Visitor: 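Next up is a structure, given as structure tokens.
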Amino acid sequence: MPEITKSYEARDVEQKWYAAWLEAKAFRGEVDPSRAPYSIVIPPPNVTGVLTMGHVLNNTIQDILIRRARLEGCSTMWLPGTDHAGIATQTVVERELRKQKKTRHDFGREKFVEKVWEWRHEKGGIILEQLRRLGASCDWDRTAFTMDPGYSKRVLHVFVELFKRGYIYRGKRMVNWCPVSLTALSDEEVIMKPVNGTLYRVRYELVDQPGRFIEVKTTRPETIPGDVAIAVHPDDPRYADVIGKKVRRPIGPAAEIPIIADTAVDKEFGSGALKITPAHDKVDYEIGLRHKLPVIDVLKPNGVLNELAGPELDGVERFAGRKQAAELLKAAGALVDEEAYSNNVGFSERADVPIEPRLTEQWWLRYPKIEEAKAAVRDGHIRFHPERWSKVYLHWLENIQDWCISRQLWWGHRIPVWYRKGGDRSDPQNWHVSVDGPADPQNWEQEEDVLDTWASSWLWPFATMGWPDEAEMKQAGFDYFYPTSTLVTGPDIIFFWVARMIMAGLEFVRPGEPIERRIPFRDVYFTGIIRDQQGRKMSKSLGNSPDPLDLIAKYGADGLRFGIISIAPQGQDIRFNEDRIEGGKNFCNKLWNACRFRQMSGEAGDNSSLATIMARLEPAKFDADDHAILDRLFATTREVDRCFSAFEFSAAVQALYSFFWNDFCDWYVEVSKAKMQAADTKANCLAIQDLVLRQTLLLLHPFIPFITEELWSLLGYGAPGTFIQDARLDNASQLATSSHARGLVLDRSQIEAVESLKVFMSQARALKAEHNLASRRDVKFFVTATDAQWATLETNLAKALRMAGAAEITRRTSVEGAPAVVTPLGTLYLDLASTVDVAAEKVRLKKELDQITKHIAGTEARLGNEAFVSKAPPAVIEGARKQLAEQQAKRTELERLLQSLG
RNA sequence: GGACCUUUAGCUCAGUUGGUUAGAGCGUUUCCUUGACAUGGAAAAGGUCACUGGUUCGAGUCCAGUAAGGUCCACCA
């Protein structure tokens with residue numbers, strides 16, 4: 001067996017094992033009816049994406065779930081892939097073209113789309129390669145892409161089906177228009193941001209009463225040329241006499257526009273009068289419809305004012321136009337005043353510029369299965385973790401609006417609608433809607449728009465598994481793996497993705513079957529957002545996000561995974577802290593060296609299975625520490641189990657950390673050193689170490705897959721050619737059953753004795769340190785103890801001497817004048833009476849006495865409280881009494897020690 | 001305007017259904033290169049659990065309110 005080196009070198013080990021896993025197709029998801037399925041579909045990253053800390057967290061959690069399920073005996077399948085990300089990808093490629101001073105229009109649609117595909121093949125999907133570096137155990141043979149021919153066909157099929165079922169319609173409506181991307185956006189892609197601007201007070205002169213004005217307040221004077229009315233509230237007495245009269249539009253093409261009454265106007269705001277510009281405001285548009293007003297669009301799609309804005313403003317960009325309009329108003333004497341004003345403005349999520357409300361023809365989707373989607377979560381068929389996100393989800397569904405699914409882009413799924421050449425496009429008589437198009441294509445032209453990216457990714461959980469083609473579904477194991485088990489994602493895409501996937505699954509999968517068969521996943525785990533030290537979101541533009549690949553190079557993939565999980569509490573945002581990643585690396589090193597020590601301590605016995613290790617245990621030779629470490633091992637196994645069922649990964653990591661580092665390394669391995677020197681106890685002690693290490697590696701493997709695989713192999717736990725994932729993880733009760741079968745019953749009193757020994761040891765070291773003897777290993781101690789206390793000490797004496805760094809500990813009936821400490825195993829004296837600073841020792845003892853006296857007072861007060869004694873549960877009262885007795889005994893002993901010092 | 005989250009040691013965070021003297025990691029101080037590990041070991045210092053009330057025998061934990069910070073939703077020009 002190869003020797004374990006002094007320090008753990010992550011890089012080589014990681015490369016070696018990942019290659020071996022791929023070679024063996026260890027991550028292949030196979031249909032196996034004898035086992036339970038466990039499946040995850042990856043939230044497909046943008047094909048343009050590179051690995052961020054968010055991806056690290058998200059995918060580490062998915063990998064943890066998948067690997068744990070594998071160890072529990074499930075047949076697992078983690079489906080990877082990427083999203084074509086319409087706007088983002090098109091923008092990236094257009095940016096490349098701009099370097100060559102070209103635009104997509106220089107190429108034309110077909111050539112441009114070819115360019116995008118070229119780009120994708122060369123540079124797209126880097127992130128999937130990066131996920132391998134992280135250790136992600138995806139079934140790479142299933143890698144999907146939302147623009148794959150098969151996937152695309154399914155997207156179009158869904159469009160056609162929804163159209164047939166009456167959920168899709170075409171209509172001219174106000175949409176959120178991005179003047180940079182030149183496309184419509186859904187409401188979800190608009191981010192509201194407060195903007196500091198100006199509120200202009202503008203006056204409109206009445207046509208038949210020169211000199212009389214109506215004032216309105218507006219933030220957008222450049223749209224005044226598009227004004228078609230002034231609206232007031234019908235009950236507003238200030239304007240009762242002007243309703244129906246006309247005012248002059250102060251700038252732009254001269255026009256007389258009516259004063260109308262509409263209840264949508266807020267009497268309290270501003271002057272109570274509102275300018276109506278139906279082309280550039282959603283509310284205005286609705287008022288315009290009610291009053292049959294014309295629509296005057298003064299903006300070009302790119303946000304530049306057009307000729308309808310008048311000669312002065314024609315061709316001026318919208319923000320420059322705003323200032324210029326104000327000047328024109330001033331010149332016309334129509335600007336009353338202006339004031340600084342902050343209001344919320346919708347921004348395009350992608351381009352980060354204010355969107356324009358714009359009246360355009362678009363395709364809309366009325367969502368299917370809204371009520372059932374609510375029920376799925378409300379009734380617990382789908383469980384959100386943390387649960388509180390379900391409120392956000394339900395609230396959105398309560399107020400859901402139709403979804404604008406068409407985008408004026410070239411990169412994406414072109415909408416499968418054809419219009420009869422020369423026909424009126426708004427007349428459905430002239431439409432052909434099908435996946436494959438009309439039989440006589442020469443007579444038709446296809447819709448230019450493509451679908452919103454989310455209108456393809458909402459099918460991800462089933463379109464990646466061959467749906468709706470029976471043969472492909474069979475091959476993908478659809479029946480077996482759907483619904484998927486857990487979705488791991490961020491709460492920021494509850495609306496974009498999670499809710500829509502639920503509706504899509506309910507609408508399309510296994511129609512007529514019960515809801516639990518149609519939902520796309522059973523659990524949804526929402527991660528937090530990773531923030532920097534100042535609490536800011538990590539983002540490319542701020543440059544505050546470390547490159548995960550750098551972190552992998554520095555700390556190893558395992559170190560990164562362990563570190564990030566340890567700072568990621570459930571559902572809370574995460575303050576990134578590189579120290580914790582370093583802590584992850586250090587933990588790996590600790591694990592490595594503990595295994596190294598095991599290897600150096602003696603030949604491995606038969607480690608090939610749990611049973612063979614159990615067979616090597618010798619219950620008759622178990623001492624207190626042996627009982628205690630197995631007790632802690634079982635308890636930790638149980639705790640990790642609980643953490644997984646509660647999705648508390650950082651708690652699992654903490655439990656494993658403290659068990660392994662504190663209980664095993666700091667204590668058990670240390671006491672082992674004495675036991676392994678005795679031929680009689682050595683074999684049993686090594687068997688126990690082998691048992692602990694085996695179980696620990698299994699429990700840790702989902703979190704740190706590489707190093708555990710390496711150590712599993714080095715310590716001979718697996719047969720050659722097998723992986724740690726081929727083993728089964730026994731739970732705590734299975735472990736207990738196996739050990740019972742071996743005749744081992746853990747002894748509670750022995751386990752408690754170890755707790756006393758630990759306290760004793762700590763106090764002995766502290767006593768040495770207080771007298772500047774911490775580094776000495778030849779110190780002599782005396783102890784005054786009861787027979788029971790001494791019995792515990794005596795049986796563990798060899799270990800105790802070693803651990804305390806003592807030459808001897810001898811029992812005395814009384815000791816005078818030596819520094820002492822009261823321990824659970826008797827009073828311990830340092831044999832240095834002659835050199836001791838009596839005054840300092842008295843101060844120290846006095847301080848301890850004061851403390852215990854305070855505690856006694858507290859305990860007595862509680863027990864003296866009639867209400868406590870009569871109302872608290874007996875166990876609590878009993879505990880308090882026992883505690884009081886112990887405290888009093890300690891006080892008596894401290895007083896005696898003080899007295900003996902004079 | 002509505003909903004939600006957070007506030008515990010210098011820093012980042014645990015703290016399960018209320019129950020001994022509130023914990024961990026990092027950082028700090030002192031000591032230690034003893035044959036697994038200095039990516040380590042030992043000891044120690046460090047907290048009015050944001051604030052105010054309430055419920056209770058008992059509150060970091062439950063309730064109400066206040067303050068600060070954050071997130072999401074919402075068509076007031």
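All chains are named by letter (A, B, ...) in the order of the sequence lines, taking the proteins before the strands, and each is independently numbered beginning at 1. Values in this document were obtained by computation on a predicted structure and should not be read as measured data.
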Visitor: With the side chain of A/Trp661 defined as its heavy atoms from C-beta on, choose the nearest nucleotide among B/G41, B/A36, B/C72.
Guide: B/G41

Visitor: Measuring only the C1' atom in each nucleotide, how far is B/A3 from B/C11? A whole number of Å is fine.
Guide: 32 Å

Visitor: Could you pull out all residues at least two apart from A/Trp396 that satisfy ring-ring contact (aromatic ring centres under 6.0 Å, His included)?
Guide: A/Tyr367, A/Phe495

Visitor: If the threshold is 4.0 Å, N to carboxylate O, is there a salt bridge linking A/Arg220 and A/Glu356?
Guide: yes

Visitor: Please measure how far the P atom in B/U29 lies from the corresponding atom in B/U21, and state the result in whole Å.
Guide: 33 Å

Visitor: Tabulate protein N/O versus nucleotide N/O from nucleotides 5-11 of chain B, keeping only pairs under 3.5 Å, one per line.
Guide:
from: B/C5; atom 1: O2'; to: A/Gln572; atom 2: NE2; distance (Å): 2.9

Visitor: Got a minute to check which stems RNA chain B is part of, using Watson-Crick or G-U wobble pairs under 3.5 Å, three or more consecutive?
Guide: B:1-7 with B:67-73, B:10-13 with B:23-26, B:28-32 with B:40-44, B:50-54 with B:62-66

Visitor: Using a 4.0 Å cut-off on heavy atoms, which residues in residues 589-597 of chain A reach RNA chain B? List them by number, or say none.
Guide: A/Asn589, A/Lys590, A/Asn593, A/Ala594, A/Arg596, A/Phe597

Visitor: Kindly point out which of B/A42, B/A77, B/U16 is positioned nearest to the side chain of A/Val265?
Guide: B/A77

Visitor: Which value, in whole Å, describes the distance between the C1' atoms of nucleotides B/G53 and B/A67?
Guide: 15 Å

Visitor: Quick one: which of A/Phe706, A/Phe660, A/Tyr8 gives a ring-ring contact (aromatic ring centres under 6.0 Å, His included) with A/Trp592?
Guide: A/Tyr8

Visitor: Any chance you could list the contact pattern along nucleotides 19-24 of chain B? Use B for base contacts, S for sugar-phosphate-only contacts and - for none, protein heavy atoms under 4.0 Å, 5' to 3'.
Guide: BBB---

Visitor: For residues 639-663 of chain A, which residue pairs pass the salt bridge (Lys or Arg N to Asp or Glu O under 4.0 Å) check, not counting sequence neighbours?
Guide: A/Arg68-A/Asp641, A/Arg632-A/Asp663, A/Glu639-A/Arg642, A/Arg642-A/Glu648, A/Asp663-A/Lys758

Visitor: Looking only at the side chain of A/Gln654 (C-beta and beyond, no hydrogens), which of the listed nucleotides B/U39, B/A14, B/C26 gets closest?
Guide: B/A14

Visitor: Please pick, from B/A77, B/C26, B/A44, the nucleotide with the shortest atom-to-atom distance to any side-chain atom of A/Ala766.
Guide: B/A44

